[in-house]
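One structure is given here, and the rest of the page talks about it.
Heavy atoms only: backbone and side chains are in, while hydrogens, waters and symmetry mates are out. The residues of the chain are indexed from 1 along the displayed sequence.
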Amino acid sequence: MTPIYFTITSAFTLSLTGLAFNRSHLLSALICLEGMMLSLFIAIAIWSLTMNSPSLSMAPMILLTFSACEASSGLALLVATTRTHGTDHLNNLNLLQC
């Protein structure tokens with residue numbers, strides 16, 4: 001395994017473990033999701049460059065677009081949660097209450 005692929009794989013794995021084990025704040029979960037998306041973006045960009053196919057050149061841009069939409073949705077949820085509950089602790093959120 002080359003160092004570039006090892007770095008991308010370890011960044012994705014660290015973000016995934018951070019998302020799985022550190023679930024106390026919504027902001028930390030969003031940052032872990034962004035780390036996962038950025039490592040996937042870099043991996044797909046490198047993959048499309050090594051394949052030299054013109055049909056694969058749009059895949060990183062589509063992933064980056066979806067990542068931007070996910071980030072804006074996450075920040076909107078963070079702002080709405082902080083305004084209604086006063087904090088972004090995931091333990092205090094109860095979705096069954098109105």
For residues 54-62, which side-chain donor-acceptor pairs fall under 3.5 Å, sequence neighbours excluded?
| residue | atom | partner | partner atom | Å |
| --- | --- | --- | --- | --- |
| S55 | OG | S53 | OG | 3.0 |
| S57 | OG | P54 | O | 2.9 |

| request: Report yes or no: does T81 contribute a side-chain atom to a donor-acceptor pair with the main-chain N or O of L78 at less than 3.5 Å? | output: no
| said: Can you confirm whether more than 12 heavy atoms, excluding those of L27, are under 6.0 Å from its CG atom? | reply: yes
| request: Report yes or no: do M51 and F41 belong to one cluster of Ile/Leu/Val/Met/Phe/Trp/Tyr joined by side chain heavy-atom distances under 4.5 Å? | output: no
| Nearest-0.5 Å distance, CE of residue M37 to CG of residue L64 | 8.5 Å
| query | So how far is it from L26 CG to T82 OG1, rounded to the nearest 0.5 Å? | reply | 7.5 Å
| query | How long is the gap from CZ on F21 to CG on L16, to the nearest 0.5 Å? | reply | 9.0 Å
| query | Out of curiosity, L75 CG to E34 CD, how far, rounded to the nearest 0.5 Å? | reply | 8.0 Å
| S72 side-chain N/O to C69 backbone N/O, donor-acceptor pair under 3.5 Å | yes
| task | Could you tell me which non-hydrogen atom of T13 sits nearest to which non-hydrogen atom of T9, and how far apart they are? | result | OG1-O, 2.7 Å
| Do you know which of I46, T2, L38 makes side-chain contact (heavy atoms from CB on, under 4.5 Å) with I8? | I46
| request: Measure the CG-CG distance between L19 and N22 for me, rounded to the nearest 0.5 Å. | output: 9.5 Å
| query | Are the side chain of S67 and the backbone of L63 linked by a donor-acceptor contact shorter than 3.5 Å? | reply | no
| message | When you group the ILVMFWY residues by side-chain heavy-atom contacts below 4.5 Å and let the links chain together, are I4 and I44 in the same group? | response | yes
